[in-house]
Amino acid sequence: MTDVHELVAQRYSVRAYKPDPVAEEDLEQIVQDACLAPTAANRQPFQLIVIHTGGHTEELRRIYDRGWFVQAPIVICACAVLGESWVRSDGKNYADVDVAIVMDHLILSATNCGLGTCWIGAFDRDAACEVLGLPDGVEPIAFTPLGYAADEPRPKRRKPVSELVRYERW
Ligand SMILES: Cc1cc2nc3c(=O)[nH]c(=O)nc-3n(C[C@H](O)[C@H](O)[C@H](O)COP(=O)(O)O)c2cc1C
């Protein structure tokens, strides 16, 4: 068990994976942690699709055409279930926010298990819907591979905190 500050610092976008399998108990823990994520009005308007990549390289590369995407033994797709999400009175739909929190929980839990991940938003949405057989109203939001890293973390490049945080002193 790692301190949450260490986890946040350790996580990075892994773009090379070993083929080594992910233990079933790690996968179960990771999806359980993801499903504990808070969502607006506790609606839980999401579905996680766990895909074992073995033998499915061709279909998966239709979704995101990078060799490293299919190197890991598992790819996970986080989807929004649009009809179930909370909508604010001014019409703002919180489905994407909810799915992002779920994915962040999943990714930090994976990091805690020593596993690598990478947020993928630049996928082909229509290919994802077709390959995964998603019904209308189930919208793929993000993918991540899940597996052991075969690359090394790079130093984090971020804007200075002072540029990103404003302390309002009323
Ligand atoms: C919503 C979102 C979508 C992203 N989509 C992609 C993507 O399609 N392909 C990719 O290689 N990285 C993608 N990334 C990873 C970012 O490029 C990466 O998180 C950022 O450069 C910071 O690097 P780090 O994750 O190593 O700290 C995405 C990240 C987020 C949060």
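In each ligand, atom 1 is the first atom listed, and ligand 1 is the first ligand listed.
In this structure, Glu168 pairs ionically with Arg166, as a charged nitrogen and a carboxylate oxygen lie closer than 4.0 Å. The pair Asp20-Lys18 does not meet the salt-bridge criterion, since no charged nitrogen lies less than 4.0 angstrom from a carboxylate oxygen.
Residue contacts with ligand 1, taken as heavy atom pairs separated by less than 4.0 Å, involve Arg158 solely via side-chain atoms from C-beta onward. With a 4.0 Å heavy-atom cut-off, ligand 1 is reached by no atom of Arg66. Contacts with ligand 1 closer than 4.0 Å are made by no heavy atom of Phe123, backbone or side chain.
When only modelled atom types and interatomic distance are considered, Tyr94 and Arg88 share a side-chain donor-acceptor pair under 3.5 Å.
When Trp68, Phe69, Trp119 are checked for heavy-atom proximity to atom 30 (C) of ligand 1, Trp119 turns out nearest.
More than 12 heavy atoms of other residues, nucleotides or ligands shown are found within 6.0 angstrom of NZ on Lys156.
Note that atom 18 (C) of ligand 1 has protein non-hydrogen atoms nearby, at separations under 4.0 angstrom. Less than 4.0 angstrom separates atom 21 (O) of ligand 1 from none of the non-hydrogen atoms of the protein.
Proximity to Ala122 (heavy-atom distance under 4.0 Å) selects the following atoms of ligand 1: 8 (O). Near Ile120, meaning under 4.0 Å from one of its heavy atoms, ligand 1 places the atoms 5 (N), 6 (C), 7 (C), 8 (O). With ligand atoms numbered from 1 in the order given, ligand 1 contributes 26 (O) to contacts under 4.0 Å with heavy atoms of Arg154. Atoms of ligand 1 found under 4.0 Å from any heavy atom of Tyr12, numbered from 1 in the order shown, are 26 (O).
Between atom CD of residue Gln32 and atom CD of residue Glu28 there is a gap of 6.5 Å, rounded to the nearest 0.5 Å. In this structure, CG on Asn112 lies 10.5 Å from CG on Asp3, to the nearest 0.5 angstrom.
At under 3.5 Å, a nitrogen or oxygen of Ser13, whether backbone or side chain, sits near a nitrogen or oxygen of ligand 1.
Ring orientation note: the planes of Phe69 and Phe143 are nearly perpendicular, at an angle over 60° on the 30°/60° scale.
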